[in-house]
Amino acid sequence: MLLATNTTQALSKCADPPAPLRYTQVVPQSLPAYRLNTLATGARVVSTELADRPSITMAIMFKVGSRYETDQEAGISHFLEHMFFKGSARYGGAKEIAEAIEGVGGVLNAATDKELTMYWARVPKTKAKLAMDVLGDMLFQPLLDPAELEKERLVVLEELRMYQDSPQEYVHSLFEQISWPDHPLGRDVGGTEASVRALTRDDLVRYLEEHYLLRNLVVTIAGPITHDEAIGLIEPHLKPRGNGAAPPAFLPSIGNGQRPNVLLKSKKTEQAHVCLGVHAPSYMDKDRHVIDILNCVLGEGMSSRLFLEVREKLGLAYDVHSYVNKMYDTGVLGVYAGTEPRQAARAVGAIVGQLRRLCDQPVDAAELTKAKEFYKGRLLLQMESTNSVATWYGGQEALTGKIQDVDETVAQIDAVSADDVRRIARELFSQALQLAVIGPFRSEAPFLKQIV
């Protein structure tokens with residue numbers, strides 16, 4: 001206490017005010033370059049050699065996801081993801097697949113999104129061949145056993161119910177639904193109970209033959225392995241599929257309407273959950289990094305505007321943040337808040353006030369620099385993991401057909417100006433706001449009033 005008091009007294013005697021926080025302008029890069037090859041089969045292999053890492057991550061990415069599905073197929077990509085883990089020609093059932101990777105301390109997992117499905121394993125560096133053996137057998141020699149399919153159908157249905165019982169998660173699905181009404185992008189990745197119940201083994205096999213093609217595939221690997229070694233491990237496992245036809249395309253994005261809308265799910269909850277936002281630039285858009293910096297200013301971290309205003313100043317929410325999701329031809333900027341139900345409409349009004357502030361006032365130099373350094377720092381910290389390195393390079397190749405390394409991304413982030421941020425803010429918020437709400441409410445009217 002004495003030391004703190006003396007320090008305070010010493011500061012109070014200074015004639016000059018404290019210097020403002022300074023942020024570095026240059027972030028040194030140390031990642032090696034990636035290597036890319038397109039094999040004779042059309043499959044692509046992306047590797048990043050990281051000689052000092054103790055682990056290897058291998059990810060197999062197919063350019064397919066829920067937006068490629070018809071209404072009748074809703075949830076089929078996710079269902080297939082589950083079935084790949086249920087047994088393969090060489091590894092038998094789910095137990096054998098799990099034990100093969102966990103038996104060496106590794107991790108095996110998968111994720112289905114709207115445009116990409118990824119299967120990955122992270123193992124000690126000496127077990128790269130095992131990782132490819134397991135992933136290759138799962139994905140290219142799956143059993144799709146009818147009895148296991150019926151059991152896994154119940155598991156998938158329970159996963160859907162679990163998600164719907166979590167309002168802080170489910171409100172994001174409602175927000176997507178109102179952002180892309182009657183469109184695959186507005187559907188839950190897992191589909192609906194009705195669609196999952198109706199899917200047959202023949203449906204899964206047909207979808208597999210149409211979409212899980214080598215031309216639709218990127219295998220990405222990061223760790224202490226050379227590119228030639230990676231190709232030698234990967235190539236023998238890639239088995240052709242399909243009849244030579246191109247995989248089906250997805251429906252283009254649609255606008256979210258000219259009027260503000262509220263989608264309310266009335267539910268007895270202790271906390272209200274709100275999610276609002278607008279369509280945003282895609283990952284192919286020239287302004288894709290401008291929206292990232294706008295998002296950092298708005299709602300990323302404890303020094304963001306939303307956190308300082310809605311939580312710290314007004315005390316309206318414990319969790320309030322913004323986020324950006326990008327797809328091939330569209331994107332979304334969303335804001336989430338969990339708040340006391342009686343304060344929910346006021347919280348929405350406070351959030352909208354911060355959106356308007358971005359349109360009306362340019363971001364000052366210090367705040368812009370802070371946002372850039374936040375984004376660059378988070379990106380570089382992610383690159384400590386072989387998982388992140390593999391998915392960074394492989395994901396770009398799978399989705400865009402073009403890889404941008406970290407240095408290029410950092411340079412583009414540094415080039416974002418305050419005028420860019422204000423310009424994009426005005427473009428974004430000239431759209432009608434869409435709002436999803438879960439809570440003990442009878443009417444949308446108080447919320448609609450806040451977003452018009």
Side-chain angles (χ1 to χ4, degrees), residues 41 43 59-101 108-121 132-164 184 187-217 219 237-251:
T41 58
I60 297 182
M61 301 176 171
F62 288 96
K63 190 178 179 182
V64 65
S66 62
R67 78 173 298 186
Y68 287 83
E69 301 164 355
T70 65
D71 289 342
Q72 292 73 32
E73 294 171 334
I76 195 170
S77 302
H78 177 247
F79 201 161
L80 259 177
E81 176 209 311
H82 278 243
M83 288 306 300
F84 283 128
F85 286 82
K86 300 301 289 183
S88 64
R90 290 179 53 213
Y91 285 90
K95 179 176 180 289
E96 289 79 6
I97 288 174
E99 284 183 345
I101 298 297
L108 177 68
N109 213 331
T112 303
D113 209 335
K114 295 185 185 295
E115 295 182 349
L116 192 71
T117 306
M118 177 175 73
Y119 305 84
W120 62 272
M132 188 63 225
D133 286 347
V134 173
L135 286 170
D137 207 50
M138 285 170 53
L139 295 170
F140 291 97
Q141 299 190 93
L143 297 180
L144 301 181
D145 179 80
E148 291 296 329
L149 187 147
E150 292 309 317
K151 287 193 292 184
E152 199 62 21
R153 189 192 310 276
L154 300 178
V155 174
V156 172
L157 290 171
E158 285 305 313
E159 184 179 354
L160 285 176
R161 292 165 188 155
M162 177 185 70
Y163 185 65
Q164 291 170 2
R187 283 197 316 250
D188 190 281
V189 168
T192 66
E193 286 211 20
S195 65
V196 170
R197 287 188 185 280
L199 292 171
T200 67
R201 185 182 187 277
D202 287 344
D203 292 329
L204 268 63
V205 171
R206 175 188 50 77
Y207 195 79
L208 188 64
E209 291 292 315
E210 288 178 350
H211 290 279
Y212 282 69
L213 311 179
L214 295 186
R215 74 179 80 177
N216 238 14
L217 168 68
V219 184
H237 292 277
L238 306 183
K239 294 180 168 52
R241 275 201 186 102
N243 58 10
F250 55 70
L251 288 175

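All of these numbers come straight from a predicted model, not from anything done at the bench. Any value given below was found using the heavy atoms of this structure, including those in side chains, with hydrogens, waters and symmetry copies removed.
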Salt bridge (charged side-chain N to carboxylate O under 4.0 Å, His left out) against [X], all qualifying residues, sequence neighbours excluded:
| X | result |
| --- | --- |
| K151 | E148 |
| R197 | E193 |
| E73 | R206 |
| D188 | none |

[Y] and [X], any side-chain heavy atoms less than 4.5 Å apart:
| X | Y | value |
| --- | --- | --- |
| R187 | T192 | no |
| M138 | I60 | no |
| P248 | E210 | yes |
| I97 | F84 | no |
| L199 | R153 | yes |
| F140 | L214 | yes |
| F62 | L208 | no |
| K63 | Y68 | yes |

message: Would V189 and K114 count as a side chain to side chain contact (heavy atoms under 4.5 Å, CB included) here? Give the steps.
response: CA-CA 6 Å; V189 168; K114 295 185 185 295; 4.1 Å; yes

What distance do [X] atom [atom1] and [Y] atom [atom2] have between them, rounded to the nearest 0.5 Å?
| X | Y | atom1 | atom2 | result |
| --- | --- | --- | --- | --- |
| T41 | L213 | OG1 | CG | 11.0 Å |
| L139 | L238 | CG | CG | 10.0 Å |
| L135 | I101 | CG | CD1 | 6.5 Å |

Minimum heavy-atom distance [X]-[Y], with the two atoms named:
| X | Y | result |
| --- | --- | --- |
| L108 | A121 | CD1-CB, 4.0 Å |
| R215 | A246 | NH1-CA, 3.5 Å |
| L160 | G191 | CD2-O, 3.8 Å |
| S195 | A74 | OG-O, 2.8 Å |

field: salt bridge (Lys or Arg N to Asp or Glu O under 4.0 Å) pairs, two or more places apart, involving residues 134-145
entry: none

- prompt: Which salt bridge (Lys or Arg N to Asp or Glu O under 4.0 Å) pairs, counting each pair once, include a residue from residues 87-96, with sequence neighbours left out?
  reply: K95-E99

- prompt: Could you walk me through whether L143 and K86 pass the side chain to side chain contact (heavy atoms under 4.5 Å, CB included) check?
  reply: CA-CA 8 Å; L143 297 180; K86 300 301 289 183; over 6 Å; no

task: Verify side chain to side chain contact (heavy atoms under 4.5 Å, CB included) between E81 and Y119, making sure each step is shown before the conclusion.
output: CA-CA 8 Å; E81 176 209 311; Y119 305 84; 3.8 Å; yes

task: Could you tell me how the ring of Y207 sits relative to the ring of H211: parallel (under 30°), tilted (30 to 60°) or perpendicular (over 60°)?
output: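 Geometry flag for H211 against Y207: tilted rings.
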
message: Going by side-chain contact (heavy atoms from CB on, under 4.5 Å), L80 matches just one of V64, L204, D203. Which one?
response: L204

query: Does R241 make a cation-pi contact with Y212, if we ask for NZ or CZ under 6.0 Å from the ring centre and within 45° of the axis?
result: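 No, R241 and Y212 do not form such a contact.
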
query: Is a side-chain donor-acceptor pair under 3.5 Å present for S77 with E69?
result: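 Side chains of E69 and S77: pair found under 3.5 Å.
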
